[in-house]
Undergrad: 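Questions regarding the structure given below will be posed in turn.
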Amino acid sequence: MTAPVVIFAVGNPSRGDDAIGPELCARLQEWLENQGLADAVELIEDFQLQIEHALDLRGRALALFLDAGAGTTAPFTFEPVVPAEGIAHTTHELPPPAVLQVFRQTEAGDPPPSFVLCVRGENFELGEPLTAAAQAHAESAFALLTRLCSMPKLDFWIDQISPNR
Amino acid sequence: MTYQLETAAHPETLRRVAIDPVSRVEGHGKVTILLDDQNKVHQVRLHIVEFRGFEKFIQGRPYWEVPVMVQRLCGICPVSHHLAASKALDIVVGARKLTPAAEKLRRLMHYGQMLQSHALHFFHLCSPDLLFGFDSDVTKRNIVGVAMAHPETAKRGVLLRRFGQEVIRVTAGKRVHGTGAVPGGVNKSLTIAERDELLQDIYHIVQWSRDAVHLIQKVHTQDPGLYNSFGIFRSNFMSIVGNNGDLDFYHGTLRARDDNGKIIFDHVDYQQYNQYIEEEVRPWSYMKFPFFKSIGKEHGWYKVGPLARVQNCDQISTPFAEHERKEFVDYAGGSPMHAPLAYHWTRMIEMLHAAEVIKELLHDDDLLSDDLMVQGERQLEGVGVIEAPRGTLFHHYQVDENDVVTMANLIVSTTNNNQAMNEAIRHVARRYLHGREVTEGLLNHIEVAIRAFDPCLSCATHALGKMPLEVELVDPEGQVVHALSRA
């Protein structure tokens, strides 16, 4: 059975603060299992978003894109995201609005309500560990993630949107 | 084969145009073009700015960690690094010949990777250029634009990608960070349920791959003036070939031909690759420039990847792809095709071959066997080579008595194509930019030439906000006089 919530955790564990997504994914998986919520939330980890991730949005009530960000307001931003046309993109970053748009075009319907949790990173070099700042940002983000997973309702998620976005 | 336009005589007097980073190319790429006051082109260079630290990342690690950790070098083709490293470390553990089950399971994983990577490139990266034109509205020139104008084409691209990813998942154990291949073999076989699930879809996949070949063949042959000449340059080419000269992505011996198709070397055991290939360092690029030692660095560079492989082999073992190879060879008129845009056509022939091989393998009961590992006399050094989606990939390791990697040397596909890509963009710059006002559409011509090679610049960092495309025109005093940006 398809879990009503899907979370895409994006990043490379060996690229410094790009590991924020995978680190939070592993931690959240354990938390979900301890809370008995593993069937309610599907976690999908990958290096980057790509066109086929649109298919993982099928049958969901809510979707969350979790990623590290360069230049993001610290410690993180949490925002809704909608399909968008005309986005030029690179292969490393098919942005969440483009994934949603691919869903709309290939599935002939609207994707589920979707959000982006973007956690600020500082250093993205190969072979480097998470910076102390990124660890602190990830800690704050994890608290939000547990709230979101405990209350997978659209109204509640909207209430969590970052102020001054 | 010249280095014309590599270095201008008096760069201090010229305007500089930078395409930074190149869009829809994996990793960080930058093109710089130096123009004079009449917009005449004096220097063109493709810079790879994120190519440091691979070997350092690997050295000092226990060898058994390497096949998993090298996947993190590249977010686009992790399976290629996983298998090349595993093959090199097979030699280290004395496993020169794997069990039939292990080799077929690895081959299935690799051909799944080829399928999904080629599908991504064709449907996602290059089809916007091919279906809309190089000068088309930039806001439509992407996969979303393709999906709006050609919904069935776009949907097939998504489903081909997903199928290839499923092949990888069942053979590697996970969608990413898989551990399927280990030195000496593999650590899991397929279950009957996994095999049957893939069998349900494979016939559609083969048919869609055939359709994709016919689509690009039609696009190419309808405009021969463009497709046979855009960015064209002549060069040597190289790949591994399998038994009997077959196209083989997983294993074989090295073969190289000159620009007329004459054999330079053949049947070369890749354990001795460094007796045939040398890498030149140039001060303006992090990426090295490989060349054949026997010819020398000025004329010994070469191209790799689909255009090289399809013309380097003697035949393809699967019927539909072999038919399409013959069509391509006939179209080329009996001599090698060097046009960069022909990469797209040959890439789709390879995708079809990958689909056919996957179909054959799924009917082979060896995939269900538990005879997965071998080992022999421990060695201190090993080389692994595969044909990755973008071309020949070398992994070379030395491992000490404590099982620690003391030396690592990687020649990735894009490095093998370094000089070839530089030559392609110089020809495009000379043909399309020389003496003209620079526009976004013209700059996209440069990117079209680069994308034909499907370069992977091996940067798996993709953090949100890090990848705009910026183009700056800078005058001789260093002042920005014009800027374009694709956020």
Undergrad: Considering only heavy atoms and a distance below 4.5 Å, find which of B:Met69, B:Lys155, B:Lys56 pairs most often with chain A.
TA: B:Lys155
Undergrad: Looking at A:Asp39, I want to see if its CG is surrounded by more than 12 non-hydrogen atoms of other residues, nucleotides or ligands under 6.0 Å.
TA: no
Undergrad: Answer with side chain, backbone, both or neither: which region of A:Pro13 has an atom nearer than 4.5 Å to a non-hydrogen atom of chain B?
TA: both
Undergrad: Would the B:Phe453 and B:His121 ring centres measure less than 6.0 Å apart?
TA: no
Undergrad: Would you say B:Arg390 and B:Ser413 are linked by a side-chain donor-acceptor pair, where the criterion is simply a distance under 3.5 Å?
TA: no
Undergrad: At a 4.5 Å cut-off on heavy atoms, which part of B:Gln165 comes close to chain A: side chain, backbone, both, or neither?
TA: side chain
Undergrad: Considering only heavy atoms, which portion of A:Ile44 lies under 4.5 Å from any heavy atom of chain B: side chain, backbone, both, or neither?
TA: side chain
Undergrad: For atom CD of B:Glu197, decide whether the heavy atoms of other residues, nucleotides or ligands shown that lie under 6.0 angstrom number more than 12.
TA: no
Undergrad: Please state whether the side chain, the backbone, both or neither of B:Arg175 comes within less than 4.5 Å of a heavy atom of chain A.
TA: side chain
Undergrad: May I ask you to check whether B:Gln113 and B:His82 show a side-chain donor-acceptor distance below 3.5 Å?
TA: no
